[in-house]
Amino acid sequence: MTIREIAAELNISPTAVSYVLNNKPGVRKELREKITKILIQNGYSIKEDAAEDLKKGPDLPKQQTILFLYYISERYLFLRNNNVLTLYLNAIEEICNRQDCNVITKSVTSDSLGDTLANTDGIDGVILLGIELYERVLFNRSMCRKPFVLLDGYFPESPIDSVNVDNYIGLYQAVDYLYKKGHRKIGHIKSNMPYGCLPDRWRCFYEILDYFRMPFLKNYLAEVRMQSEFLQEDLQKYLKENTDLPTVFFADNDYMAISAMAGMQQAGYAVPDDLSIIGFDNADISTLLKPNLTTISLDFRGMAAEAVQRLFRLMEYPDLPVVKSTISPVFVERDSVKDLT
């Protein structure tokens, strides 16, 4: 195997393999041992006199370390989707490994967030995953002594670098699809908890309905509790009290949409023959029940990659202007929307 092939197999940079082959510092112990084993298996000899070379040459830069913070809210406990955390963390670790950069993971709460951001000795940069952020914190760069990027946390008023989903593009694709399918009465199954990016998602949804000149009537809104059993109870109450129903509902996310489908079916409505529904996120659950859920797919890996690359730029140039990035989702057509044309 060539050095590049060994690097590809270990998902690291060829530079790291070269450092080990030439017995140079700059590669952490555990990774060095893995590289050394594969090099020897492929007939390479590790250089033995590199120590003398190092005395003559300049010092190599130290290995950098990123702190990945996961904000935890007690209010979000019943909604927590650890698959999303795993997707983000795996993508961040993969990118950092290629750059020979360490990743330290730590959870924080509202009580510990400020102190954690202020005390970053031994850390070169911070990524905060803000899915569960309810509290309206006014973030700024001075809160953290090191470069800092907020991932999947919607705080437009805060002068802090961030990476989020482009809710407008995703919902525009969805409403355009519904419009072409003949739907003119679009309802909203809305969470009673304004967590994370939901306020932005709501704003985009209503703006896009206005763009398509489709009125949103008061009785098109079903505001529900997010726990599955309570959501079904709230939705069935809504369906019972309203006679002029929308032909299709947009639910804030896939978990709400799946619970809503169950509530509709329990109330005697067939999906999509009587009522159609669309979700957001493309969670694994969207294909586990019948009908499979039409939804909007988020690029979690793309968002993580954007956050890491932005952080690397800030680590190199701390005084760059604040950048708020968005990653476009992709519409996914399945079986939960009826064609009315």
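The structure displayed is predicted, hence computed values, not measured ones.
For residues 312-341, the pairs satisfying ring-ring contact (aromatic ring centres under 6.0 Å, His included) are Tyr177-Phe331, with sequence neighbours left out.
Panel note: side chain Asp234, backbone Arg225; a donor-acceptor pair is recorded below 3.5 Å. At least one donor-acceptor pair closer than 3.5 Å links the side chain of Asn292 to the backbone N or O of Leu289. Thr294 places a side-chain N or O within 3.5 Å of a backbone atom of Arg334 that can act as its donor or acceptor partner. A donor-acceptor distance shorter than 3.5 angstrom exists from the side chain of Lys324 to the backbone of Ser158, with no hydrogens or angles considered. Under a 3.5 Å cut-off, the side chain of Asn90 and the backbone N or O of Glu93 do not form any donor-acceptor pair. The closest donor-acceptor contact from the side chain of Asp281 to the backbone of Ala283 lies at 3.5 Å or more, if one exists at all. Judged purely by atom type and a 3.5 angstrom limit, Tyr238 uses its side chain to pair as donor or acceptor with the backbone of Asn219. Without hydrogens or angle criteria, Ser336 side chain to Ser276 main chain gives no donor-acceptor distance under 3.5 Å.
Evaluation of the side chain to side chain contact (heavy atoms under 4.5 Å, CB included) rule for Val330 yields no partner, not counting sequence neighbours. Remark: Ala270 engages Asp273, Asp274 in a side chain to side chain contact (heavy atoms under 4.5 Å, CB included) (not counting sequence neighbours). Shown here are the side chain to side chain contact (heavy atoms under 4.5 Å, CB included) partners of Gln232, two or more places apart in sequence or in another chain: Ser228, Gln236, Ser259, Ala262, Gln266. Applying the side chain to side chain contact (heavy atoms under 4.5 Å, CB included) rule to Ile40 yields the partners Thr36; only residues at least two apart in sequence or on another chain are considered.
Partner Leu150 forms a side-chain contact (heavy atoms from CB on, under 4.5 Å) with one of Leu133, Asp161, Asn164, Val126 and no other, that one being Leu133. Applying side-chain contact (heavy atoms from CB on, under 4.5 Å) to Val20 and the options Glu33, Arg32, Lys34 leaves one that passes, Arg32.
When all heavy atoms of Leu171 and Cys204 are compared, the closest pair comes out as CD1-CB, 4.0 Å. In terms of heavy atoms, Asp254 sits closest to Ser286 at OD2-CB, 4.0 Å.
A 4.5 Å side-chain heavy-atom check between Ile95 and Gln309 finds at least one atom pair inside the cut-off.
Both Phe139 and Val108 sit in one connected hydrophobic cluster of ILVMFWY residues. Membership requires side-chain heavy atoms under 4.5 Å apart, directly or through other members. By the rule that hydrophobic residues join a cluster once side-chain heavy atoms approach within less than 4.5 Å of another member, Phe212 and Leu340 end up as members of separate clusters.
Taking the six-membered ring for Trp and thresholds of 30 and 60 degrees, Tyr168 and Tyr172 have nearly parallel ring planes, at less than 30 degrees apart.
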Name every donor-acceptor pair, under 3.5 Å, that has one atom in a side chain of residues 181-188 and the other anywhere in the protein, sequence neighbours excluded.
from   : atom 1 : to     : atom 2 : distance (Å)
His183 : ND1    : Thr247 : OG1    : 2.7
His183 : NE2    : Lys338 : O      : 2.7
Arg184 : NH1    : Tyr179 : O      : 2.8
Lys185 : NZ     : Asp244 : OD1    : 2.8
Lys185 : NZ     : Leu245 : O      : 3.4
His188 : ND1    : Tyr206 : OH     : 2.7
His188 : NE2    : Asp252 : OD1    : 2.8

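The pair Asp121-Arg145 meets the salt-bridge criterion, with a side-chain N (NZ, NE, NH1 or NH2) lying under 4.0 Å from an Asp/Glu carboxylate O. Under a 4.0 Å N-O distance rule, the pair Arg203/Asp200 qualifies as a salt bridge.
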